[in-house]
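In what follows, a single structure is set out as structure tokens and then discussed.
Hydrogens, waters and symmetry mates play no part in the numbers below; they use all other heavy atoms, side chains included. Letters go in sequence order (proteins before strands), and every chain restarts at 1.
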Amino acid sequence: MSESILKLSGVQKRFGGLQAVYPLDIDVAPHSIHALIGPNGAGKTTTVNMITGVYKVSGGTIEFDGKDITNMKTYKIARLGIGRTFQNIKVFPNMTLLENIMVGGHQLTKIGLVRGIFDLKGTVAEENMLREKAESLLDLLGMYDVRDHLMKNLPYGRQKISEIARAMMTDPKLILLDEPAAGLNPSERAELINVIRKAYNNGYTFFLIEHNMDVVMTLSDDITVLSFGKKIAAGKPKEIRNNDEVITAYLGRAYAKS
Amino acid sequence: MKKNRRLMYYIIAGIIVLLLPVIVRNEYWTVVFVRVIINMIVALGLNFITGLIGQMNLGTAGIYALGAYGSALLTNKTGCSPWLGLLFAAFLGLVIGVALGYPSLRLKGVYFSLTTIGFTMIVQIFLNNLTGLTGGSQGVQHIAPFTLFGMAIDTYVKSYYLYLIFALVALFIANRIVNSKWGRLFRSLRENSDAVEMMGVDIASVKIKAFCVCAVFGTIGGAMFAHFYRYISPATYTTDVSMNYVLMVLVGGIGSVPGTLVGAAIITILPELLRGLGEYYLITFYIIILAGILAFPNGWIDAGQRLITRIKSHNTVKQKGA
């Protein structure tokens, strides 16, 4: 396998006396879908927050695309090419879907505030670029027809997908999805799987945190399993499915094969 | 057809604004209109912070005071042109923008508002007590008026026209920013700043930019005030003034440029119309504003538009019926 796009080496997090994540190694291969799973409180979201710079790590290093990003500022990490969605969605409810997506492309544009006041031609060109890019993304994900709706009027499932689109708008090399299927009904979940697949086929790489085995097993190339802050298994979906320790962590000792 | 009609409305409104002092021919009302213009500029600035980013800035009076004193003191002490004073006021605006922008990064909601009230109070205390520099509660007198091509802008009507040009420039700038990617970014900050940061945007720098624009509009408005009245005193710049600017942003239509203009006009003109009520005029004014906010939560402009479409649809129904 070639060089990994995201590499966690011995990354750990302590909150006071609580060890939330024990030294953890993860390698995300380029153009893959890597899932991080584990029961509630396993430290999945903490891991994502360390990758994105929201939390400082208590030890270890995080390398992204060959650069050390450990404890960098969130917006700088994002600029290097990590996009993210949130467990409890963080959209802009009083703006239209198209505007939501277009904000994602802000960092791709160059014209500053003062120049923008007088550079009529340049701003129109930039605005058209953003709009076209956002529209083509929405078209790809099947939401072009509702682009002028206010975000708050869209169903929950579509809001979640629009967060993925907004992250895609930043031209990321890696997108972290924090429980994208949480709170979705089965048909929305199917649409979500479809959307992630489509994005993957268009060259995006995903790091997926998920509870829903349906989604994980369908999508992932590689899986890492956390339980109580410790990595208990890593491998292909097939291996994970038959791993005793994973079954014990999820279902209890009684269900593990003796 | 529709576009032509719209253009016609704009032209008619433009002509009315242009001829206003000639139509009214009343010094008192000309002063009111000049105040409307100044307030429009300050409110357009505040709109970036309170309207778009959604942080309740109650420090406008302090910004406004520093602009007025900065320009007035510079022209009075050095005898330089008021235009230089105006430039100095704009520079002060940038400094204030950075100074107020930083606390806004850490303070949310009520705590930020309290900080800005504190800022206004500190400014007022300094103006009152640095008697050597500011003249204390006596204020600054004999402030030079603007001059244009050797002509002193020393009458109300002349000021009206000069300030109208200022307002058009401010309107152009505000309109460009609000309707650009920057305006969109400011609004997204109001909605959810965590998400914005995750898109690679340096929130600190964006917020400070917005505060700078806001404060520059405010200090320029302050300088205009100083060179118009030609006398300023600390008693003018109370937190009540800041409240009124927030009302201007809220009443017309939050975040929109036309809304802010209408808000500034309503909040400035309405009390003058109610003066006939004697000592009841202020309470009547605030009751009307409060009722307005309750009745038109989306602003007076939105209410007006609804009324017009309602009348129109009513008319078409009538025509069909006949």
Side-chain angles (χ1 to χ4, degrees), chain A residues 48 52-54 73-86 88-96 98-120 122-124 126-127 129-131 151-152 163 166-167 169-172 175-176 178, chain B residues 44-45 48 51-54 90 93-94 97 101 105 168-217 253-257 297-298:
Chain A
V48 167
T52 54
V54 177
K73 281 197 170 142
T74 301
Y75 73 91
K76 285 190 179 152
I77 292 174
R79 279 182 196 180
L80 288 175
I82 296 187
R84 176 196 180 160
T85 67
F86 296 88
N88 26 9
I89 47 168
K90 295 188 173 178
V91 290
F92 314 131
N94 294 307
M95 294 164 70
T96 67
L98 187 66
E99 284 179 316
N100 264 267
I101 311 301
M102 283 170 79
V103 171
H106 183 89
Q107 210 48 47
L108 305 175
T109 59
K110 296 223 160 49
I111 296 181
L113 185 71
V114 177
R115 197 184 132 199
I117 296 168
F118 304 104
D119 187 352
L120 297 157
T123 46
V124 169
E126 259 191 358
E127 202 65 5
M129 185 276 281
L130 283 179
R131 175 170 293 111
M151 196 52 131
K152 63 180 176 193
E163 254 200 332
R166 191 178 62 188
M169 188 75 185
T170 62
D171 280 343
I175 300 177
L176 311 178
D178 194 352
Chain B
L44 280 174
F48 289 108
L52 296 176
I53 293 190
L94 288 177
L105 301 172
L168 286 176
V169 174
L171 182 61
F172 171 75
I173 292 174
N175 214 359
R176 288 286 299 165
I177 298 178
V178 170
N179 295 316
S180 73
K181 59 174 185 179
W182 292 98
R184 189 166 56 226
L185 190 68
F186 293 160
R187 278 185 291 141
S188 70
L189 277 176
R190 174 183 67 198
E191 306 270 306
N192 197 318
S193 57
D194 289 349
V196 178
E197 192 174 14
M198 216 35 243
M199 287 177 272
V201 176
D202 181 1
I203 294 180
S205 108
V206 172
K207 274 200 176 173
I208 286 169
K209 273 179 192 150
F211 270 90
C212 284
V213 177
C214 166
V216 168
F217 275 58
I254 299 170
S256 93
V257 170
N298 293 322

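The one candidate from B:Leu185, B:Ile177, B:Val206 that meets the side chain to side chain contact (heavy atoms under 4.5 Å, CB included) condition with A:Leu113 is B:Ile177.
Chosen from A:Gly53, A:Gly83, A:Gly104, A:Ala167, the residue pairing most often with chain B at heavy-atom distances under 4.5 Å is A:Gly104. The candidate with the highest count of non-hydrogen atom pairs below 4.5 Å against chain B, out of A:Glu126, A:Met102, A:Met169, A:Lys76, is A:Met102. Between chain B and the residues A:Thr109, A:Ile82, A:Thr170, the largest count of heavy-atom pairs under 4.5 Å involves A:Thr109. Ranked by heavy-atom pairs under 4.5 Å with chain B, the list A:Thr74, A:Val114, A:Asn100 is led by A:Thr74. Heavy-atom pairs under 4.5 Å with chain B peak, among A:Lys73, A:His106, A:Glu127, A:Arg79, at A:His106. Of the listed residues (B:Ile173, B:Asp202, B:Val201, B:Val196), the one with the most heavy-atom contacts under 4.5 Å to chain A is B:Asp202. When each of B:Glu197, B:Lys209, B:Arg190 is checked for heavy-atom pairs under 4.5 Å with chain A, B:Glu197 comes out on top.
Neither the backbone nor the side chain of A:Glu163 comes within contact range of chain B; no heavy atom of the residue lies under 4.5 Å from a heavy atom of that chain. If you measure heavy-atom distances from A:Leu130 to chain B, the contacts under 4.5 Å come from the side chain alone. In this structure, the portion of A:Val91 lying under 4.5 Å from any heavy atom of chain B is its backbone and not its side chain. Heavy-atom distances place no part of A:Asp171 under 4.5 Å from chain B, backbone and side chain included. Neither the backbone nor the side chain of A:Thr85 comes within less than 4.5 Å of any heavy atom of chain B. Residue contact with chain B, scored on non-hydrogen atoms closer than 4.5 Å, is absent for A:Ile77. In this structure, chain B has heavy atoms under 4.5 Å from both the backbone and the side chain of A:Glu99.
A pairwise comparison of heavy atoms in A:Phe92 and B:Ala195 identifies CE2-CB, 4.1 Å as the closest pair. Nearest heavy atoms, B:Asp194 versus A:Lys90: OD2-NZ, 2.9 Å. Here the closest heavy-atom approach between residue A:Asn94 and residue B:Glu191 is recorded as N-OE1, 2.6 Å. Contact between B:Met198 and A:Thr52 at its shortest, heavy atoms only, is CE-CG2, 3.6 Å. Closest heavy-atom contact between A:Ala78 and B:Gly200: CB-N, 3.3 Å. The minimum heavy-atom distance linking A:Ile111 with B:Trp182 is given by the pair O-NE1, 3.5 Å.
Between A:Leu120 and B:Arg176 there is a side-chain heavy-atom pair separated by less than 4.5 Å. Inter-residue side-chain proximity for A:Arg166 and B:Met199 is flagged as met; some heavy-atom pair is nearer than 4.5 Å.
Between the CE atom in A:Met95 and the CZ atom in B:Arg184 there is a gap of 7.0 Å [rounded to 0.5 Å]. One finds the CG atom of A:Leu108 at 9.5 Å from the NZ atom of B:Lys181 (value rounded to the nearest 0.5 Å).
Taking the six-membered ring for Trp and thresholds of 30 and 60 degrees, B:Phe172 and A:Phe118 have ring planes inclined between 30 and 60 degrees apart.
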